[in-house]
Amino acid sequence: MTIHEQFERRLLRNYVIGSTAAVLGVGGVFLFTTLRFSVKEIFVLCGILVSSCIIMFLLEYLFFRMHTSVFRTYFSKKTPALPLAEKAYFHAHHFPIRTVKRILGPHLFGLSIPAVCLTAGAIYFEYLTLPYYYIYLASLGAILVAGMHAIIEFFLTTKAVQPVLRNIQEKTLKDHGVILSLATSRHISIQRKIQWSTLFIGTFPLLLFALANQVRLYQLDSPVNGSYWSWAFFVLLIGISFAIFGAYLLFKDIQQPMNELQAGMYEVRTGNSNARVDDLYSDEFSKLIKGFNHMARAIQSREHENKQLLESFFATMAATLDARDPYTAGHSLRVADYAMKIGQMAGLPFQQLLQLRKAALLHDIGKIGIPDIVLLKEEKLTPEEFEQIKKHPVIGADILAQVQPFDAMKPLLPGVRYHHERYDGNGYPEQLAGEDIPIFGRIIAVADAYDAMTSDRPYRKGMTHEKALAILEDGKGTQWDPYLTQLFIDEMNLKSIS
């Protein structure tokens, strides 16, 4: 079943239930419990009521078909044109008001005018023994019941039309790249909704009881007795029930957008910058929701810019580091690529893989703090000089810890600080062993060693691929993590075969 078919069925169901409750429920019950009729008069009144309802339903259905024609046209198109989409969107926002106009127009007059004419004729031809004054009271009662019915249908229709609005918005964005919005206009304010709703909710039971009581007391032959009070309680109970239901719908109408905004703010607060609230409202909440969505888009844009700046920072720092030594140019990028391969084979989540790449790019950033005379020395390093070199993982981690926001850098620090730890505990700077070494450190250690062995140096030519893998094989479980090293060896062997 399509969205449009569900919408029409829901509207018709709401209307039939509401009309039956208002006309036959409230009107019929009040009529037959307030007045005393003979069997013949009961049949006459039932005929008048049924005939008037048929006329009312026919008129209402004609107007309903006319009001929903825009939706039928829109949903009949596979790719509706933008002007048609905009027309359907604004029509949907205005549809609850059109429902109120139908209730107070063809609904009220389609029932009242035939009922008044038929009742007046029945009294004139003496089929009914009622004073004409009762027709006036009945007309006032019909207006009152129609007003309360219109308020209830307004809120029910507001809820029913939301899936249609959402569908039109999503389809227009997909087909035309346009986000439909009411802009600065609104069809009805919260103030007006509350004013009219509270007016009917507060006065409906009292006015309805006053009208019914006027008729009841006019017919009462004896002083007020127990049966009168039973009737009065029953009449007030029906009126109050309608008022309570109307108050509940008013509360839900205001509560829903508040809950959605609250949920959206929670999403933003927990880091989901893609949070968005559907703009399905025709009152001041529409402006609030547009403001929230604008804020969320601004946060998303700012977060994207921050990510780009960080990525640029990582790449620039890696390039700057490699530029100090022409013989290691591209080392950081290659280590990052190797580390990503190991991480993928180890089944790391996507977000963790991104963090691993950044850590690998910056794994040697601490060498900035090593003097060139030591870092670029072509001869064998003295023990004192090697001790200086061994400080670069700690220096690198300390440098990155100063970069803000710290939360963005914190996941990278273990890879930078511990990529020279050995699996057997004889590495540096903290002599960690086995799986006490953070996984980023263990992965980068394998990638760094392979690239170092296969890259040319001033004092030696790079090893062959086969020899480097053989050294990694021999060092499994002593220098490097055996599982991660084997994953890398298998991958590189597979790559060389293919």
Ignoring hydrogens, what is the shortest heavy-atom contact between [X] and [Y]? Give both atom names and the distance.
X      : Y      : result
Glu86  : Leu180 : CG-CD2, 3.6 Å
Ala447 : Ile342 : N-CD1, 4.3 Å
Ser51  : Gly47  : OG-O, 2.7 Å
Ser286 : Lys290 : OG-NZ, 2.7 Å
Pro80  : Asp175 : CD-OD2, 4.1 Å
Leu11  : Ala160 : CD2-CB, 4.2 Å

Crowding at [atom1], [X] (>12 non-hydrogen neighbours, <6.0 Å):
X      : atom1 : value
Glu435 : CD    : no
Phe125 : CZ    : no
Gln262 : CD    : no
Met66  : CE    : yes
Tyr266 : OH    : no

Does Glu153 form a side-chain contact (heavy atoms from CB on, under 4.5 Å) with Val100? I'd like the steps, not just the answer.
CA-CA 7 Å; Glu153 287 289 339; Val100 171; over 6 Å; no
Candidate pair Thr68 and Arg72, rule side chain to side chain donor-acceptor pair (under 3.5 Å), full reasoning:
CA-CA 6 Å; Thr68 56; Arg72 287 194 298 277; 2.7 Å; yes
Verify side-chain contact (heavy atoms from CB on, under 4.5 Å) between Ile254 and Phe285, making sure each step is shown before the conclusion.
CA-CA 9 Å; Ile254 296 175; Phe285 279 114; 4.2 Å; yes
Tell me which one of Asp278, Ile3, Asp279 satisfies side chain to side chain contact (heavy atoms under 4.5 Å, CB included) with Arg166.
Asp278
So if I apply the side chain to side chain contact (heavy atoms under 4.5 Å, CB included) rule between Leu361 and each of Leu333, Leu412, Val335, Leu356, which one comes out positive?
Leu333
Would you check if the side chain of [X] reaches a backbone N or O of [Y] as a donor-acceptor pair within less than 3.5 Å?
X      : Y      : value
Gln169 : Ile179 : no
Ser52  : Ala115 : yes
Asn167 : Pro163 : no
Arg442 : Ile437 : yes
Ser301 : Arg297 : no
His294 : Gly291 : no

Hey, could you give me the [atom1]/[atom2] distance between [X] and [Y], rounded to the nearest 0.5 Å?
X      : Y      : atom1 : atom2 : answer
Glu60  : His67  : CD    : NE2   : 9.0 Å
Ile48  : Tyr127 : CD1   : OH    : 11.0 Å
Leu118 : Ile123 : CG    : CD1   : 11.5 Å
Phe154 : Leu250 : CZ    : CG    : 10.0 Å
Ile151 : Phe242 : CD1   : CZ    : 13.0 Å
Glu284 : Gln191 : CD    : CD    : 8.0 Å

Is there a side-chain contact (heavy atoms from CB on, under 4.5 Å) between Thr172 and Ile168 once you walk through the steps?
CA-CA 6 Å; Thr172 304; Ile168 295 173; 3.9 Å; yes
4.5 Å side-chain heavy-atom contact, [X] and [Y]:
X      : Y      : answer
Val277 : Asn293 : yes
Ile443 : Leu348 : yes
His91  : Tyr74  : no
Glu8   : Glu5   : no
Ile240 : Phe204 : no
Tyr15  : Arg102 : no
Phe292 : Val268 : yes
Gln256 : Gln162 : yes

Answer with yes or no after comparing the ring centroid distance for Tyr89 and His93 against a 6.0 Å cut-off, counting only values under it.
yes
Aromatic ring proximity, centroids under 6.0 angstrom, Phe7 and Phe95:
yes
Apply the test side chain to side chain donor-acceptor pair (under 3.5 Å) to residues Ser189 and Lys193: give CA-CA distance (whole Å), side-chain angles for both, the deciding distance (0.1 Å), then the verdict.
CA-CA 6 Å; Ser189 67; Lys193 282 195 289 189; over 6 Å; no
Between Asp337 and Arg357, does at least one N-O distance fall below 4.0 Å, as a salt bridge requires?
yes
Stepwise side chain to side chain donor-acceptor pair (under 3.5 Å) test for Glu491 and Tyr338
CA-CA 10 Å; Glu491 173 66 17; Tyr338 295 144; over 6 Å; no
Would you please test Lys171 and His176 for side-chain contact (heavy atoms from CB on, under 4.5 Å) and show each step?
CA-CA 8 Å; Lys171 189 169 179 57; His176 304 286; over 6 Å; no
List the steps, then state whether side chain to side chain donor-acceptor pair (under 3.5 Å) holds for Gln255 with Lys252.
CA-CA 5 Å; Gln255 183 192 44; Lys252 296 297 288 184; 3.2 Å; yes
